[in-house]
**Q** 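Quick one: the structure is below, questions incoming.
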Protein chains: 2
Amino acid sequence: MGLNTRKQQVLEAIVESHIITAEPVSSRSIARKYRLGVSPATIRNEMSDLEEMGLIEQPHTSAGRVPSQPGYRYYVDRLMKKINLTSREERIARALFAQKAKVLANVIQSTIKTVTQLTDYLVLLSGPQLENAALKTIKTIPLTPDEALVVIVTETGWVESKVVDLPSGLAADDLEYIENVLNTYFRGLTFPQISRTILNNVYDKLIKQRQVLDRIMEVVEALLQENEDEVIYLGGAQNILKQPEYTDIAAVRNLMSFIEDEGILRRILHKTNPRKVTVMIGREINYDPAAGYSVVSSVYSIGGNVVGTIGLLGPMRMDYARAMAVVEYTTGILSDVLSGDAFF
Amino acid sequence: MGLNTRKQQVLEAIVESHIITAEPVSSRSIARKYRLGVSPATIRNEMSDLEEMGLIEQPHTSAGRVPSQPGYRYYVDRLMKKINLTSREERIARALFAQKAKVLANVIQSTIKTVTQLTDYLVLLSGPQLENAALKTIKTIPLTPDEALVVIVTETGWVESKVVDLPSGLAADDLEYIENVLNTYFRGLTFPQISRTILNNVYDKLIKQRQVLDRIMEVVEALLQENEDEVIYLGGAQNILKQPEYTDIAAVRNLMSFIEDEGILRRILHKTNPRKVTVMIGREINYDPAAGYSVVSSVYSIGGNVVGTIGLLGPMRMDYARAMAVVEYTTGILSDVLSGDAFF
DNA sequence: CTTAGCACTCCCCTAATAAGAGTGCTAATT
DNA sequence: AATTAGCACTCTTATTAGGGGAGTGCTAAG
């Protein structure tokens, strides 16, 4: 779509104005606020052309224009200038990640908190997945005669724990012995490697304690499983009520009902391009109830391996430049924190 | 307030009808649905009296009547019949608690999930607090040269963990030695006992590793602190949109803004009577923005010690009987689970 | 004491009207 | 040939007015 300079300027003005005001944009307001050096009548002619091209549309005969989904797409791809967070905002974001603890729940919580402070959109957070992390230590802590806590530590400093049931009549020594064997055989391996290949090997050494081992492997697998199922965490639901499109309850309900479907959210986040910040606009999301929304997302990684995604969901009228800056920056520091290259 | 039988019947009819319909109740609808054997005119006379007593009120001259805050109070205290959950509902609730793991995050999550499934109100959950739990084991797991995971297990099977920074140049032996000393001295004591009395004692034994000990005690105290600050967890925010009073966005915003203030929620839950299910109606909450809401709450305990509260927040027009049954039942099984008397 | 009957009040829905914003077209201007 | 001033036209939104209806309060009769 080859647009001459002025058409581009008009489209840009319409998108940016509508992002701010959430109202249809009139020719006169463009002439006033963006000095294009032409009269409203000229702008009206350009608008008429842009509408014919499908880049903008008119809510009704005598209203201003609103960007269409292709219009936003054109804007994001060709007109929008990339922005960065202010150094103050970057400081806020870094401060929230300053904790060293890499317990899943903590990291998720601070990430969501950070991102909700930086935007008024709904935050979608997937992962992090342990799949590619190498095991460092497995520890067991007896709790009761028939329960023990299994703690798993990865090379990347990731800590997960879970309570397991033990078969009755298990000596304390047994547990310790198992722990030793597991540590010897599994150290340095990733979880898929553990569960797929070496398992039989270890079973031989531990025939006596097979039942316990089974339980512990169940835990390891459960942890993996959780990550394959990839729970999606949500945040900022209050925030999004600040957006003017959610002034009637029907819109809120519609939003709520569709974000309750985790499967959909997962599918949406999975469409994120691992190599750059991804923007999905309206129908591009490919899911009817989400037609009025957009998602800006970016992956984060541990030591180069993608482990999760941060997404921002908002109305199509999103501040794309800002949303992109936020997810880019937060996935960046999250990757650093998780990879252990923290710069604090 | 001595009400004759018929006045009580009329009040009961008004409250129960309004709880169901959310609309003002007319004399005629009472005569039709509740067979009191009198005409609407007679009921109107009674209503007039009830209004004079302040138990019901009229939104406007030609509307039916709506219960007032004292009216709900009278109903809850004197008219309402206590109900129980159906056995099917009880099964649902128990199933969700069937997991053995007593990791804080898990218990909180299943509790909230359970209660949101049983009601359409907002769920407030405080605690559980470790304050009164006796220590069973402290374990340390080295992660990196300068970080370790500290795991604390209580006699009640409670597990908490946190990552601590270590001073540089600490030998692995040191950590193990500290662990031993701590376990020897602290086993069986509650956290307040630990931090208040014995501390100096242990310090003598561990002069060499004082720095590490300081760090570990910081963690113990942080855990206590967290519980003194008593985080309030929320659930069911979507649920409450089902209530007809929240069909306009202003009501939703009002609700949202006041539940964002954790201090208030904490104060409200703290007013729960530890010996029975507590109902706070409208202005009884003693907080202006909450004047239109009610809270039904009940505490739960570990081995007889109160450790937390479950509350349901909804419009004044709440189904009190049901809400009371829900919090009573869930705090009951929660106490059992936490005290280790699980009956599964 | 109860109740039928009726006037009265107030809400809520609908239709009608006015005001306003913005366009599209035409004709004049550069 | 492109731009623009001017104006008629359209559609929305806000306001007002009126009718219908629900429900009460009062009065007088049972």
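Please read all numbers here as calculations on a predicted model, not as lab measurements. Below, chains carry the letters A, B, ... as their sequence lines are ordered, and counting in each starts from 1.
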**Q** Taking only Lys NZ, Arg NE, NH1 and NH2, and the carboxylate oxygens of Asp or Glu, determine whether A:Arg267 and A:Glu262 approach each other closer than 4.0 Å.
**A**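 No salt bridge links A:Arg267 with A:Glu262.
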**Q** Round to a whole Å and report the spacing from CG of A:Leu36 to P of D:dA2.
**A**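 Interatomic distance, CG of A:Leu36 to P of D:dA2: 18 Å.
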**Q** In whole angstrom, give the distance that lies between atom CD1 of A:Ile56 and atom P of C:dG24.
**A**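 That distance rounds to 9 Å.
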**Q** Output the rounded distance in Å from CZ (A:Arg65) to P (C:dA21).
**A**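 Answer to the nearest Å: 18 Å.
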**Q** Of the non-hydrogen atoms in B:Ser297 and B:Thr272, which two are nearest, and what is the gap between them?
**A**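 Shortest heavy-atom contact: OG-OG1, 2.7 Å.
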**Q** Between A:Asp248 (CG) and D:dT13 (P), how many Å, whole number?
**A**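 Answer to the nearest Å: 13 Å.
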**Q** To check you understand the geometry: which heavy-atom pair defines the closest contact between B:Ser26 and B:Met47, and what is its length?
**A**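 Smallest interatomic distance, heavy atoms only, reads C-CE, 4.2 Å.
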**Q** Distances for protein N/O vs nucleotides 9-11 of chain D N/O pairs under 3.5 angstrom?
**A**
unit_1	atom_1	unit_2	atom_2	d
D:dT10	O2	A:Ser62	OG	3.2
D:dC11	OP1	A:Thr61	OG1	3.2
D:dC11	O5'	A:Thr61	OG1	3.3
D:dC11	O2	A:Ser62	OG	3.1

**Q** Under 3.5 Å, side chain of A:Glu284 to main-chain N/O of A:Ile281, donor-acceptor pair present?
**A**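 Yes, the answer is positive, given that a donor and an acceptor are paired below the 3.5 Å cut-off.
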**Q** If you draw a 6.0 Å radius around CZ in A:Arg32, do more than 12 non-hydrogen atoms from other residues or ligands fall strictly inside?
**A**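 Yes.
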**Q** Using whole Å, report how far CD of A:Gln58 lies from C1' of C:dA21.
**A**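 It works out to 12 Å between those atoms.
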**Q** Given atom CD of B:Glu52 and atom P of D:dT24, what is their separation to the nearest angstrom?
**A**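 Nearest whole value for this atom pair: 16 Å.
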**Q** With the side chain counted from C-beta on, respond yes when B:Leu55 and B:Tyr72 share a heavy-atom pair under 4.5 Å apart, and no when they do not.
**A**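 When only atoms from C-beta onward are counted, B:Tyr72 and B:Leu55 do not touch, as no gap falls below 4.5 Å.
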**Q** With heavy atoms under 4.0 Å as the rule, sort B:Ser48 into base, sugar-phosphate or nothing.
**A**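 No contact.
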**Q** Quick test of your reading: applying salt bridge (charged side-chain N to carboxylate O under 4.0 Å, His left out), list the pairs with at least one residue in residues 54-70 of chain B, sequence neighbours left out, ordered by first then second residue.
**A**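 Qualifying pairs: B:Glu51-B:Arg65.
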**Q** Would you tabulate the nitrogen or oxygen pairs shorter than 3.5 Å linking the protein to nucleotides 4-6 of chain D?
**A**
unit_1	atom_1	unit_2	atom_2	d
D:dT4	OP2	A:Ser39	N	2.9
D:dT4	OP2	A:Ser39	OG	3.3
D:dT4	OP2	A:Thr42	OG1	2.4
D:dT4	O5'	A:Ser39	OG	3.3
D:dG6	O6	A:Arg44	NH2	3.4

**Q** Measure the acute angle between the ring planes of A:Tyr293 and A:Phe258, then classify it against the limits of 30° and 60° as parallel, tilted or perpendicular.
**A**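 Judged by the thresholds at 30° and 60°, the geometry between A:Tyr293 and A:Phe258 is tilted.
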**Q** Among B:Thr111, B:Leu269, B:Leu234, B:Val115, find the one that has a side-chain contact (heavy atoms from CB on, under 4.5 Å) with B:Leu125.
**A**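 Only one of B:Thr111, B:Leu269, B:Leu234, B:Val115 forms a side-chain contact (heavy atoms from CB on, under 4.5 Å) with B:Leu125, namely B:Thr111.
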**Q** Could you tell me the separation between the CD atom of A:Glu23 and the C1' atom of C:dG20, rounded to a whole number of Å?
**A**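 About 14 Å, once rounded to whole Å.
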**Q** When the distance from CG of A:Asp49 to P of C:dG24 is rounded to whole Å, what number comes out?
**A**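 These atoms are roughly 11 Å apart.
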**Q** It should be established whether B:Arg28 places a side-chain nitrogen or oxygen under 4.0 Å from OP1 or OP2 of nucleotide C:dT3.
**A**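 No.
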